[in-house]
Amino acid sequence: MAFVILTGLVVDANTTLGQASGQRPRPVLPPIPAKGDTTHILTKHFTVSSNARKTPDANGFIQRWLVLEPVKKDIARNNILTEKYLRTTFATDNFSNDFTVVPKNDKTVNVGGQELKWYALDTKTFNFNLYHFTYAITKPPYGNLFWLVTVINCPEEVKNVRMSAGVNSGGMFWLNGKEALILSGDRDMIVDNVTSRLLTLKKGKNIIRGAVINGPGMCNFSVRLLDEKGSPVKNFNISYE
């Protein structure tokens, strides 16, 4: 018994010394469903969007999105997600050059030689977890490009707002066909990580398009609109058509 206890103490000491000598602690990996979990259902983390009126959550986050099945990309490391790489990739593997087009739910498009389907979904949390989305539709979770579209319906014109986003790992967003912001590099999903210049929401429909890309690791995003004081803008409703 004394030998066993002594051995355990030596192992603990070696582990501690090994970390102290410069070894990095093991990274926290995204949760992987247990082998016995074969449900693959969207309703665990999402609600299928309906025609019912949908508003931002209490903190202004947009929870309703049209999401395209992932475009498979060969990305071994996220450090390749430079601004140049993102712009080139998003221009090449694009479902439409018209950045104001709103895709049809449940319809398919061809991107990069792949036939992919659109899903209209409401996330149950403030952020949209694309890792959970890929698992639910039985797609590989890593090395993907996701296209996103949502419609913001404003009862009146709203000036001087900023689009604010966080992504993991890289991404880009457009408002009414014009670039709003880009998030390059290997990022963690941090709320309000990047904000746009001052924008105007027009009365009626406003189209937000997004693209999020990842190699290895988690993939999710969050988007909201802020006023000049940094407070959430919530006087609109959200639809997928």
State, with a plain yes or no, whether a side-chain heavy atom of [X] is found less than 4.5 Å away from one of [Y].
X      : Y      : value
Phe46  : Tyr119 : no
Met218 : Met189 : no
Val149 : Val101 : no
Leu130 : Thr134 : no
Val212 : Met172 : no

Handout entry: Residues Thr55, Asn237; criterion side chain to side chain donor-acceptor pair (under 3.5 Å); working and verdict
Key = CA-CA 5 Å; Thr55 56; Asn237 62 68; over 6 Å; no
Quick one: does any side-chain atom of [X] pair with a main-chain N or O of [Y] as donor and acceptor, under 3.5 Å?
X      : Y      : result
His40  : Tyr135 : yes
Asn176 : Ile207 : yes
Thr123 : Thr125 : yes

Practice task
Please check if Phe99 and Leu116 belong to a single hydrophobic cluster, counting links between Ile, Leu, Val, Met, Phe, Trp and Tyr side chain heavy atoms closer than 4.5 Å.
Solution key: yes
Exercise for the section: Spell out, yes or no, whether Ile208 and Trp147 are grouped together once hydrophobic residues are joined by side-chain heavy atoms under 4.5 Å, including indirect joins. Expected result: no
Problem - side-chain hydrogen bond (donor to acceptor under 3.5 Å, both in side chains) pairs, two or more places apart, involving residues 225-234 - result: none
Any side-chain donor-acceptor pair under 3.5 Å between [X] and [Y]?
X      : Y      : value
Asn168 : Asn220 : no
Arg187 : Asn214 : no
Asn153 : Ser239 : yes

Identify the two heavy atoms, one from [X] and one from [Y], that lie closest to each other, and give their separation to 0.1 Å.
X      : Y      : result
Leu42  : Ala136 : CD2-CB, 3.7 Å
Arg224 : Gly60  : CB-O, 3.2 Å
Ile213 : Tyr85  : CD1-CE2, 4.0 Å
Lys124 : Lys44  : NZ-O, 3.7 Å
Leu181 : Ala165 : CD1-CB, 4.0 Å

Handout entry: Any residue meeting ring pair (Phe, Tyr, Trp, His ring centres under 6.0 Å) with Phe221, in chain and number order, not counting sequence neighbours
Key =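 Residues passing ring pair (Phe, Tyr, Trp, His ring centres under 6.0 Å) with Phe221: Trp65, Phe128.
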Restricting to side-chain hydrogen bond (donor to acceptor under 3.5 Å, both in side chains), what partner residues turn up for [X], sequence neighbours left out?
X      : result
Thr108 : Glu115
Arg162 : none
Lys205 : none
Thr89  : none

Exercise for the section: Kindly state whether the ring of Phe95 and the ring of Trp118 have centres lying under 6.0 angstrom apart. Expected result: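 When the ring centroids of Phe95 and Trp118 are compared, they turn out to be within the sub-6.0 Å range.
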Handout entry: NZ/NE/NH1/NH2 to OD/OE distance under 4.0 Å, Arg77 and Asp186
Key =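 No.
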Practice task
State whether the number of non-hydrogen atoms from other residues, nucleotides or ligands found under 6.0 Å of Lys203 atom NZ is greater than 12.
Solution key: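 No.
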Exercise for the section: Apply the test side chain to side chain donor-acceptor pair (under 3.5 Å) to residues Thr100 and Asp98: give CA-CA distance (whole Å), side-chain angles for both, the deciding distance (0.1 Å), then the verdict. Expected result: CA-CA 5 Å; Thr100 61; Asp98 180 359; 2.7 Å; yes
